[in-house]
Amino acid sequence: MNMAVVLPMIIFLLIIFLIGYYASKKISSTNSFLQEYFLGGRELGGFVLAMTMVATYGSASSFLGGPGTAYTMGFGWILLAMTQVVTGYFVLLILGKKFAILARRYNAVTLIDFLKMRYKSPIVVLLSATSMIIFLFSSMTAQWVGGGRLIESLTGLNYHTALFIFAISVLVYVTIGGFRAVALTDAVQGGVMVLGTLILLIGVIIAGGGIDNIVQDLVNENPRLVSPYGFDGNLSMAYVSSFWILVGVGVVGLPQMAVRAMSYKNSRSMHRALVIGTIVTGFIMLNMHLIGVFARPVLPGIEIGDKVIPLIALEVLPAWLAGIVLAAPMAAIMSTVDSLLLLVSSSIVKDVYINYIKPDASEKTIKRMSFGITAILGVIVFLLALNPPNLLIFLNLFAFGGLEAAFIWPVVLGLYWSYGNKYGAIASMVTGIATYVAIHFYNQANGNLFGVHTVTLPIVLSLVSFVLFSLLIKREQYDFEK
């Protein structure tokens, strides 16, 4: 174990624990446990809001799986990755003020709270909670795997021991600190992500003898590595264009992003977050994926793509600097895991337990349930991550697509279309989830249907279902002012 590499990581984790401890004190002093634990008291400023959105979206996929895939696929994968730049912009632009205003009016603490008040349907609530739990478990498993592999690469420990260390690290500060701990640590982690990306990019370029030399080495190996179509020519324009739906527009339907659009302090905070979030996302996505491609000539022959970033950092940087830089992917992973943990925990505690099992639960019981469920979820995900896939990005993207197919139209049309009702929402969610899962398994066996990404058709079909069932069954207008 190289202590020069590990020591900066330990210092980073200690800082995160201190933030969690600070946030837990805030929880103890607040009058509304649910508002504080799951939304941070709706007090996020522009910078913290931007960084928590960036850090939540920038995950193991962005810092390990994405660059690992770019290492294999070449510049074509960077083209796909750059469609993510507008993520935060779309979420805040489309949901924006109206979502925050309605969430406050409904006293909504979770996305499902909003859907419950908007559609007045237990079926919508239970469908939402079930979808969230199933798909977010896939996404959380991907993050746990990424954290375990990163610590494994850094320390030389076996994967299972590394995974255990990562799980304990995350569970401690999330369980005690709640959403405020998540948002504040995300702000720190976002800064670490930007700095780590910049340092590593410079290190790889220098090690490769400059950009011209690296590109020439890629061309000499396989000219397709510098084409838009990937090293095997399989990245068609139809697939690249439709991929934008998954990681661009469709992100509006991700519960972990939508909940941030109800947590900010005021309009000024939202507008600042729009600008900061877009710039930071663009910087990280472009440069982390460039690092993945540039690493190929510098360190050829890496078999597990998810290990590209830790291995190249250890190769091109001094040990102490590698430790600082590798705090960036650790920050990305932890910042996504903590958000997803809280999201699933809030679905179980607030949307199922309080809504349908024990509406009169005491504050003390709710606290105990929230802490306990969050910890139990972490243990379950730890067990699921014990046997990881080779490229975790695809596990994460599967979860993204499922959540978007389920939620995008009930959320967006629920905000802006007064004729949208519970029948349309139920039809949309059932159609989206069923067709997404069916097409996913079809594509696994036969290749992409019509050459487009798996999520494309389910989102179109769920839109048609929402509109048809809303208009054909009990057509009536919803009054947004009541």
Start with the C-alpha distance between I168 and F164, add both sets of side-chain angles, then the distance that settles side chain to side chain contact (heavy atoms under 4.5 Å, CB included), and finish with yes or no. CA-CA 6 Å; I168 293 296; F164 178 77; 3.8 Å; yes

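- Taking a 6.0 Å sphere around CG of L383, one finds it holds more than 12 heavy atoms contributed by other residues, nucleotides or ligands.
- Side chain of Y119 to main chain of P410: a donor-acceptor pair is present (N/O by atom type, distance under 3.5 Å, no hydrogens or angles).
- Closest heavy-atom contact between T130 and L126: OG1-O, 2.7 Å.
- Of the inter-residue distances, the one linking I134 atom CD1 with L403 atom CG reads 10.5 Å to the nearest 0.5 angstrom.
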Side-chain atoms of residues 451-458: list all donor-acceptor pairs with protein atoms under 3.5 Å, sequence neighbours left out, distances to 0.1 Å.
unit_1, atom_1, unit_2, atom_2, d
H453, ND1, V455, N, 3.1
T454, OG1, N443, ND2, 3.0
T456, OG1, H453, O, 3.1

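- Taking the six-membered ring wherever Trp is involved, the centroid distance between the rings of W144 and F382 does not fall below 6.0 Å.
- The salt bridge (Lys or Arg N to Asp or Glu O under 4.0 Å) test applied to K307 returns E152, not counting sequence neighbours.
- Under the rule for a side-chain contact (heavy atoms from CB on, under 4.5 Å), the partners of I78 that lie at least two apart in sequence or sit in another chain are F75, M82, L286, H289, L290, V293.
- Across every non-hydrogen atom of S128 and M429, the tightest pair is OG-CE, 3.2 Å.
- By the 6.0 Å and 45° rule, R118 stacks over the aromatic ring of Y478.
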Side chain to side chain contact (heavy atoms under 4.5 Å, CB included) between K116 and Y106, intermediate numbers included: CA-CA 9 Å; K116 178 189 175 209; Y106 298 157; over 6 Å; no

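- To the nearest 0.5 Å, atom CD1 of residue I459 and atom OH of residue Y436 are 9.5 Å apart.
- Between the side chain of S428 and the main chain of G424, no donor-acceptor pair closer than 3.5 Å is present.
- With a 6.0 Å radius and a threshold of 12 heavy atoms from other residues, nucleotides or ligands, F469 has its CZ atom at or below the threshold.
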Are L377 and I133 close enough, and set up right, to give a side chain to side chain contact (heavy atoms under 4.5 Å, CB included), and what steps lead you there? CA-CA 10 Å; L377 289 171; I133 291 166; 5.9 Å; no

Side chain to side chain contact (heavy atoms under 4.5 Å, CB included) between Y419 and E476, intermediate numbers included: CA-CA 6 Å; Y419 285 102; E476 59 184 5; over 6 Å; no

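- Considering all non-hydrogen atoms of both residues, T431 and S462 come closest at CG2-N, 4.1 Å.
- Note that CG of L471 is 8.0 Å distant from CG of N421, once rounded to the nearest 0.5 Å.
- Across all their heavy atoms, W417 and S470 have their closest contact at CZ3-CB, 3.7 Å.
- Atom CZ of F114 and atom CG of L111 lie 7.5 Å apart (nearest 0.5 Å).
- Under the 6.0 Å distance and 45° angle rule, R224 does not count as a cation-pi partner of Y229.
- Nearest heavy-atom pair across L79 and P228 is CD2-CB, 4.1 Å.
- For the atom pair CG of L415 and CH2 of W409, the computed distance is 12.5 Å after rounding to the nearest 0.5 Å.
- Between T197 and I291 the shortest heavy-atom distance is O-CD1, 3.7 Å.
- A heavy-atom distance below 4.5 Å is not found between the side chains of L115 and V125.
- Residues I309 and M288 form a side-chain contact, since some pair of their non-hydrogen atoms from C-beta on lies under 4.5 Å apart.
- Note: W77 CH2 to T72 OG1 = 10.0 Å, rounded to the nearest 0.5 Å.
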